[in-house]
Amino acid sequence: MVPFRAAIRQKNMVLTMALALQAYAGLPEHAGFDFSGLPTAAYATMHAQTHGATVATTDDFADFSSQTVYKNIGEAGTATLTVPRRRIGDAASGNPTFTITATWDKKPIVFTMHATHTGVNLGAGLVGYESDVTAKIPVIKGGTHVLKINYRVNIGKCGYDRKQKIVGYWLDGNDPIGGLNVAYPYGGKTVFRLPEVFPTEFGWEIGSKGAFVRKANFAPSGELTFITFYPGGFKPIGDGGN
């Protein structure tokens with residue numbers, strides 16, 4: 001007979017894996033890319049009013065920036081801020097290590113490593129990794145706080161021939177956000193055709209300069225947003241196919 005606590009842990013692991021598989025549904029084959037996502041600030045009386053995120057692509061990099069405005073309707077204290085740091089890859093990829101910088105009310109944040117997790121098998125040869133970062137941040141009574149985050153990662157690759165590019169942004173949290181904006185402006189060489197943007201049912205606006213979505217009172221529940229595209233232009237033979 002399986003002990004009660006062990007059975008609960010096993011049930012939770014199965015549920016976690018099922019949610020992960022659902023969240024990552026629709027990923028192209030052979031995908032490999034790093035990404036961050038919606039930060040969470042654990043404090044009972046503090047809620048996100050707005051969150052705007054931009055993932056701008058160039059020839060080789062994805063430059064990320066975001067701003068989150070929080071309102072604390074309660075007393076002063078200390079909140080725990082968690083910023084996702086994720087990777088989709090294969091069994092040999094390992095945890096992501098890209099650097100995230102941030103300010104809280106214009107003051108730099110010092111992050112510590114969150115507990116790393118064993119990669120989760122997502123099927124089709126894909127593995128999901130996470131090594132989130134955390135920090136303690138001051139919260140004032142009845143205050144409004146502004147969190148700004150920046151990072152840069154290499155543009156990911158995907159598709160059967162690994163010629164397709166991919167970048168993403170993760171949405172998860174505990175509370176609804178008053179206003180959410182996510183933008184993927186295109187840069188670098190002209191793309192062959194308009195990128196595909198996921199989840200497809202999100203209501204994206206897609207044009208020649210980027211993809212954008214705006215949602216009111218959005219309750220994040222573990223959605224991976226991402227775009228895939230084929231860049232225009234050709235690189236010299238002998239560059240290793242990068």
Side-chain angles (χ1 to χ4, degrees), residues 12 15-16 19-20 23 34-56 62-87 95-117 120 128-153 167-185 202 212-226:
N12 288 340
L15 178 59
T16 299
L19 291 174
D34 288 351
F35 57 98
S36 184
L38 180 68
T40 56
Y43 199 75
T45 58
M46 188 170 66
H47 305 283
Q49 293 182 312
T50 62
H51 177 75
T54 301
V55 186
D63 287 311
F64 167 88
S65 62
S66 76
Q67 177 173 294
T68 311
V69 177
Y70 294 93
K71 177 65 177 179
N72 176 34
I73 60 174
E75 299 297 318
T78 301
T80 299
L81 174 69
T82 301
V83 182
R85 192 167 58 167
R86 307 294 169 88
R87 171 177 291 169
N95 288 304
T97 58
F98 61 90
T99 300
I100 296 174
T101 60
T103 61
W104 180 257
D105 295 337
K106 298 182 179 181
K107 296 180 181 179
I109 292 173
V110 178
F111 287 113
T112 58
M113 281 289 300
H114 197 56
T116 56
H117 298 267
V120 176
Y129 299 90
E130 63 178 82
S131 56
D132 299 350
V133 293
T134 63
K136 298 295 184 181
I137 48 177
V139 176
I140 63 176
K141 181 178 180 179
T144 298
H145 302 277
V146 178
L147 170 67
K148 294 185 177 181
I149 295 175
N150 293 275
Y151 71 88
R152 165 177 275 193
V153 295
V167 292
Y169 187 65
W170 175 254
L171 298 174
D172 201 5
N174 301 319
D175 300 308
I177 301 167
L180 171 75
N181 299 316
V182 178
Y184 286 97
F202 244 43
F212 175 81
V213 68
R214 174 179 293 155
K215 290 183 175 293
N217 299 317
F218 175 72
S221 58
E223 294 90 356
L224 175 62
T225 71
F226 63 96

Notebook entry, point to check: What pair of heavy atoms forms the shortest contact from Ser221 to Asp172, and how long is it?
Noted result: C-OD1, 3.6 Å

Next item on the list: Decide side-chain hydrogen bond (donor to acceptor under 3.5 Å, both in side chains) for Thr134 and Thr82; before the verdict, give the C-alpha distance in whole Å, the side-chain angles of both, and the deciding distance to 0.1 Å.
Entry: CA-CA 4 Å; Thr134 63; Thr82 301; 5.7 Å; no

Check: Quick one: does Ser36's side chain get under 4.5 Å of Ile149's, heavy atoms only?
Finding: no

Check: How close do Pro96 and Ser131 get, heavy atom to heavy atom, and via which atoms?
Finding: O-OG, 2.7 Å

Item checked: Atom pair OH/CZ of Tyr169 and Arg86 - distance to nearest 0.5 Å -> 11.5 Å

Check: Of all heavy-atom pairs between Met46 and Ala41, which one has the smallest distance, and what is that distance?
Finding: CE-CB, 3.5 Å

Next item on the list: Give me the ring orientation class for Trp104 and Tyr70: parallel if the planes are under 30° apart, tilted from 30 to 60°, perpendicular past 60°.
Entry: tilted

Notebook entry, point to check: So, do Thr225 and Val55 sit near enough that their side-chain heavy atoms are less than 4.5 Å apart?
Noted result: no

Margin query: Ignoring hydrogens, what is the shortest heavy-atom contact between Thr97 and Arg87? Give both atom names and the distance.
Written below: N-NH2, 4.2 Å

Item checked: Donor-acceptor under 3.5 Å (His145 side chain, Ile140 main chain) -> yes

Check: So do the side chains of Ile109 and Leu147 get within less than 4.5 Å of each other, counting heavy atoms only?
Finding: yes

Item checked: Gap separating the CG atom of Leu171 from the CD1 atom of Ile177, nearest 0.5 angstrom -> 7.0 Å

Checklist line | Note, Thr45 side chain near Glu75 side chain (heavy atom, < 4.5 Å) | finding: no

Check: Side chain of Thr50, backbone of Gly179: donor and acceptor closer than 3.5 Å?
Finding: no

Next item on the list: Of all the heavy-atom pairs spanning Gly173 and Thr40, show the shortest one and how long it is.
Entry: CA-CG2, 3.9 Å

Notebook entry, point to check: Under 3.5 Å, side chain of Thr103 to main-chain N/O of Pro108, donor-acceptor pair present?
Noted result: no

Check: Between Gly168 and Phe35, what is the shortest heavy-atom contact and its length?
Finding: O-CB, 3.3 Å

Notebook entry, point to check: Does atom NZ of Lys215 have more than 12 heavy-atom neighbours from other groups under 6.0 Å away?
Noted result: yes

Note to self: Keeping Tyr43 on the side-chain end and Gly77 on the backbone end, is there a donor-acceptor pair under 3.5 Å?
What the structure shows: yes

Margin query: Apply side-chain contact (heavy atoms from CB on, under 4.5 Å) to residues Lys136 and Thr80 and explain how you reach the verdict.
Written below: CA-CA 5 Å; Lys136 298 295 184 181; Thr80 299; 2.7 Å; yes

Next item on the list: Check whether any side-chain heavy atom of Phe202 lies under 4.5 Å from a side-chain heavy atom of Glu223, and answer yes or no.
Entry: yes

Notebook entry, point to check: Between Lys148 and Ser66, does any side-chain donor sit less than 3.5 Å from a side-chain acceptor?
Noted result: no

Notebook entry, point to check: Counting distance only, does the side-chain N/O of Tyr151 pair as donor-acceptor with the main-chain N or O of Ala62 below 3.5 Å?
Noted result: no

